Amino acid sequence: MTTRTGGQILVDQLRIQGCDRAFTVPGESFLAVLDALHDAPEIDVVTCRQEGGVAYMADADGKMTGRPGVAFVTRGPGATNASAGVHVAFQDSTPMILFVGDLDRADRDREGFQEVDLPALFAPIAKWAARIDDAARIPEYVARAWRVATAGRPGPVVLAIPEDMLRDEVEALDRPRVPPVAETPDPGAVAAMLDLLKDAAAPVAIVGGADWSPCAAHHWANFAFRHGIPTAAAFRRQDAVANSCGVYAGQLGYGPNPKLQQRVRDADLLIVVGARLGEATTDGYKLVTPDHPGQILVHVHPDPNELGRVYHADLPICADMSEFAQMCDEWSDPELVRFHAGEEAHREWLDWSDPKPRPKENGKAVKLDLGPCVKVMRDKLPADSIICNGAGNFSGWWHRYWHYAAQPSQLAPTSGTMGYGLPAAVAASIRFRDRTVVCVAGDGDFLMNGQELATAAANRCDLLIILVDNQSYGTIRMHQERDYPKRISATDLANPDFAALARAYGGWAETVDKTEDFAPALDAAMKRKGIRLIHCDTDVEQISNATTIAKLRSA
Ligand SMILES: Cc1ncc(C[n+]2csc(CCOP(=O)(O)OP(=O)(O)O)c2C)c(N)n1
């Protein structure tokens, strides 16, 4: 056996596992890896401008592929910058592996340069956090990381890689590719679920989350449509089934359709597939309560640890999402009748997601009304466009009015982190060169990772940015107006000229401040490639798609 450096062994193992892309801000602590990547053309290295962007891109890549998004950052400041993305991957159940260059083994525990106890730092927000001290064991650690990140409820793994360990030249046995270990659903349990459906008067499904896939989206949509089961998406899992599916009922989360909420309350049978029924989806554990008296809960999840963790499940089913949905789709039972509620719920959602012009307030019409702008986007952009966003009320217009295609078409953090949209859009436009990628951002949200415009330019990304500028951290202002009216504190923003900023990165940009100017701006943007930014100059008065500050003050 020939000897290799730790860096080469690591890169070889990534290649074997099928890694084709890694996001990084380089550090001197992992030069041996960077050197090995020089000879690994199969792995596309995306060099970013801040580790927050690195980790969000890796998360987005993991969401799109179902394989771990891979990232390399340096110790101390690099690791702490990247930690926000590890938290997203944890809450969003995204497979991710973050490698962190660490200081030499002999110097550990002296609080050396940029030293942090990395496994301890990441333990509460990673599925597994460890350190590789022996180069000969790199294949074992990386193969295990691949398995841990993808199995059960997917999540992030963090591996610290000491600098001197990566330079060691040792003999190491490569591990073969980790095969997927799909949990086949128990046919008896699926039959029991179908029996419950036969007895139900008002079933509702809530779908999307851990381990969801295009295959699961396809089969669940077929099954639910065939039997007329109203299917809601969990918070920010709006691509769990194509929204064109005739029983798609809308998303739960912030600002949901009250009719959908009522339908969930009235359901006698809830079939929850993939979702963990988190705080946002369940409106603070109130829409569906953990004990859900009067409702039967079938909870289908890929991880046994999630079943019964918060919610009591009358019928828990541990299964791979794709296999479960496929088994449902292939099941034929003549006794299972079709519910009318599915199509009724879909009609209600169609009406809910149809933007009406915002009513005048105090005789004043809204100059730039975002609802009709989203409708213009729906009419002009391809139906399978990938919509990416971070956190802020601005996202509510797209969550309500955009019609999502089947997964992957939505990259949005269920953990509600700002600054996610642009890095996610960069990752999406590199992964899907042939698809339209849109980043929707608030002015606060955008500048949290605006530096990744440089990464977009360097990687010749085609992406469209819709920047909703209300000169405010508007969401927090909304909470302020409700709880402490007329006492604005720390929420006003002084912004740069966003259009000029995009142009400085080689992009095209236009500012619009009237609804009627949005469609021509979009036409102009669509004629071009590269970075395109439509800067929407809006009024903080329109604080969400349902509320104005005036209304909050008079409430
Ligand atoms: C990383 C991070 N920091 C802070 C917050 C708290 N937060 C939620 S929304 C928001 C304001 C977002 O402002 P903007 O992007 O301008 O959108 P708007 O609310 O005005 O629509 C803040 C500060 C958060 N969710 N994530």
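In each ligand, atom 1 is the first atom listed, and ligand 1 is the first ligand listed. Keep in mind it's a predicted model, so treat the numbers as computed, not measured.
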*asked:* Please find the pair of heavy atoms, one from V86 and one from I125, that lie closest to each other, and give the distance.
replied: CG1-O, 3.5 Å
*asked:* With a 4.0 Å cut-off on N to O distance, would you call E348 and R263 a salt bridge?
replied: yes
_Within the 4.5 Å heavy-atom criterion, are I465 and I531 side-chain neighbours or not?_
yes
*asked:* Check D20 with R67, please: is the shortest side-chain N to carboxylate O separation under 4.0 Å?
replied: yes
*Using only heavy-atom distances, determine whether the side chains of Y401 and N545 contain a donor-acceptor pair under 3.5 Å.*
no
*Do Q410 and Q238 have side-chain N/O donor and acceptor atoms under 3.5 Å apart?*
yes
_Can you work out which protein residues put a heavy atom within less than 4.0 Å of ligand 1?_
A391, G392, N393, F394, G416, T417, M418, G442, D443, G444, D445, M448, N470, S472, Y473, G474, T475, I476
